[in-house]
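Beneath this line is the structure, given in structure tokens, with notes to follow.
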Amino acid sequence: MYTQAMDTMTPEPGNGKKAVRSAEEMVLEERFEARIDAGDFIEAKDWMPEHYRKTLVRQISQHAHSEIVGMLPEGNWITRAPTLKRKAILLAKVQDEGGHGLYLYAAAETLGTSRDQLLDALHTGKAKYSSIFNYPTLTWADMGTIGWLVDGAAIMNQVPICRCSYAPYARAMIRICREESFHQRQGYEALLTMMKGTDAQRALVQESVNRWWWPSIMMFGPPDDQSPNTAQSMRWGIKRVSNDELRQKFIDATVDQAKVLGITLPDPDLKWNEERQHYDYGVIDWPEFWRVVAGDGPCNRERLGARVKAWDDGAWVREAALAHAGKQATVRRAA
Amino acid sequence: MTTPNEWPLWEVFVRTKAGLDHKHCGSLHATDAKMAIQLARDVYTRRQEGSSLWVVRSDQIVASDPSDKAMFFDPMEDKVYRHPTFYALPESVDHM
């Protein structure tokens, strides 16, 4: 979902070239570039250019925020899941998202930014999270659609990051991708089950897909020609595949799945292009995307409000746990 | 850059099954060892990935310096006689 982060960064003036750099720094930077070119992984304690570090903190933390905020739209349906089985599945999935957020925060912290600083950036609105989580979950069918389309798009986006040049991020992504496949499959299976039900259930699925399709393909971020930071991030091995390429791959894979499901995707321009060997698709509403990214989507205020409230309400628990640990340590020392 | 109110950081090591080494798998914040073990179970072994867990405070780990890597490790590079393949033996006894 999550390479959107880079597209919402201010572009670096002159490709990150600074006027004054010490000779030593230039040697280090040359050595760093050589390692990147050789396909080496960079570890936390290795020297890295400041802009590489900043880009990664930004991307990894926004990825982490997305996982955590992403718990909210699905958490909305845990108490109303139609069966005990679906409730257990949904709980496990939402717990996974929490876990994924934690792997990613830990990876971001290796770059020298503390957890509190990362969370503060989210809570004050300085950091972003994926635009997709600012849409509401109105029906139970949305739980299936999110798994199928939203997690499907996320997987498409995340698999290449398993080869990110920054090793702690790559390792976290490998773990996440291993777990994420269950998310997509359970969603698709939930929709399949509804499609075998009544007309009303089938209509719910179609209505849900109609709402989620366009926001899902926006998850890959703006078109390549409007993605100014992509080139540098590709060169550094932070990003491996471009937005448009991933989006196309996702659409190509999804069309057949929609057919098996027996629903239509809400794009009259969606058709196979024999020459390109890809599906053509209609014009994406980019003004809507930028509106949601800028904070004016259907649920931006509600989502951020829920996160800030959870953090504030939990303050006394965090403090009490720390005080308890301190007291226990004192008792042990005295004994 | 940990703020004073932040819970300390712990490194988590998981033994996937009996007979294998514990392997580093990530880190987490916890106030004490007991909580660190509990959270490590929830964060890193939700699918039976482990049969044993170690946690250790990150600030207790002593690590080699990455900038000394060449000086520290490369001296072993020319000691090829430490490897069995260094020794050419007649084919009839080469599988010893």
Side-chain angles (χ1 to χ4, degrees), chain A residues 28 31 35 40 42-48 57 91-120 168-169 171-172 174-176 178-179 181-182 314-315 317-329 331-332, chain B residues 1-17 21-50 53-74 77:
Chain A
L28 287 168
R31 213 176 290 161
R35 288 185 65 191
D40 266 8
I42 308 299
E43 292 288 350
K45 298 274 157 58
D46 295 344
W47 186 90
M48 60 187 84
V57 169
L91 265 173
K93 179 174 189 288
V94 173
Q95 192 193 14
D96 270 359
E97 311 294 4
H100 296 174
L102 294 177
Y103 306 156
L104 289 162
Y105 280 130
E109 283 169 79
T110 63
L111 292 157
T113 308
S114 79
R115 180 77 59 98
D116 281 3
Q117 289 172 317
L118 298 170
L119 290 175
D120 188 61
Y169 189 26
R171 286 193 289 266
I174 289 169
R175 189 177 291 279
I176 289 173
R178 207 184 294 143
E179 298 181 351
S181 152
F182 135 65
V317 180
R318 292 191 302 276
E319 282 160 23
L322 207 53
H324 175 73
K327 201 168 162 188
Q328 293 300 311
V331 170
R332 263 197 311 279
Chain B
M1 272 207 273
T2 304
T3 52
N5 285 327
E6 214 164 290
W7 292 357
L9 193 65
W10 300 71
E11 299 302 320
V12 181
F13 299 81
V14 177
R15 185 205 295 283
T16 50
K17 58 180 182 186
D21 296 326
H22 282 80
K23 205 174 143 199
H24 182 248
C25 75
S27 45
L28 50 77
H29 290 273
T31 54
D32 59 22
K34 197 176 154 195
M35 187 198 276
I37 286 281
Q38 185 70 40
L39 295 182
R41 186 200 70 158
D42 293 343
V43 177
Y44 291 104
T45 64
R46 286 193 301 281
R47 290 173 176 77
Q48 287 189 297
E49 289 93 337
L53 281 171
W54 287 352
V55 293
V56 58
R57 281 275 297 251
S58 307
D59 57 12
Q60 298 289 309
I61 289 184
V62 182
S64 63
D65 183 345
S67 58
D68 286 345
K69 191 170 148 277
M71 188 184 75
F72 201 62
F73 295 105
D74 290 356
E77 199 181 350

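By convention in this document, chain letters (A, B, ...) are assigned in the order of the sequence lines, proteins followed by strands, and residues within each chain are numbered from 1. What's counted below: heavy atoms across the whole structure, side chains too, no hydrogens, waters or symmetry copies.
- The neighbour count for A/Trp47 CH2, taken as heavy atoms of other residues, nucleotides or ligands under 6.0 Å away, is above 12.
- The parts of A/Glu179 that come within reach of chain B are both its backbone and its side chain, each placing non-hydrogen atoms under 4.5 angstrom from that chain.
- Residue A/Lys327 holds its NZ atom at 14.0 Å from CG of B/Asp32, rounded to the nearest 0.5 Å.
- By the 6.0 Å contact criterion, CZ on B/Arg46 is enclosed, its count of non-hydrogen atoms from other residues, nucleotides or ligands being greater than 12.
- Side chain of A/Tyr103 to backbone of B/Tyr44: no donor-acceptor contact under 3.5 angstrom is found.
- Smallest separation of non-hydrogen atoms from A/Leu322 and B/Thr31: N-CG2, 3.6 Å.
- Ranked by heavy-atom pairs shorter than 4.5 Å toward chain B, the options A/His324, A/Arg175, A/Arg171 are led by A/Arg175.
- B/Arg47 has its side chain out of reach of A/Arg178: every pair of non-hydrogen atoms, C-beta onward, lies at least 4.5 Å apart.
- Interface remark: of the candidates A/Glu43, A/Gln95, A/Glu319, A/His100, A/Gln95 forms the most heavy-atom pairs closer than 4.5 Å to chain B.
- The shortest heavy-atom contact between A/Lys45 and B/Pro66 is CB-CG, 3.4 Å.
- When every heavy atom of B/Glu6 is checked against every heavy atom of A/Arg115, the shortest pair comes out as OE2-N, 3.3 Å.
- Atom CG of B/Asp68 has more than 12 heavy atoms from other residues, nucleotides or ligands within 6.0 Å.
- The shortest heavy-atom contact between A/Arg318 and B/Trp7 is O-NE1, 3.1 Å.
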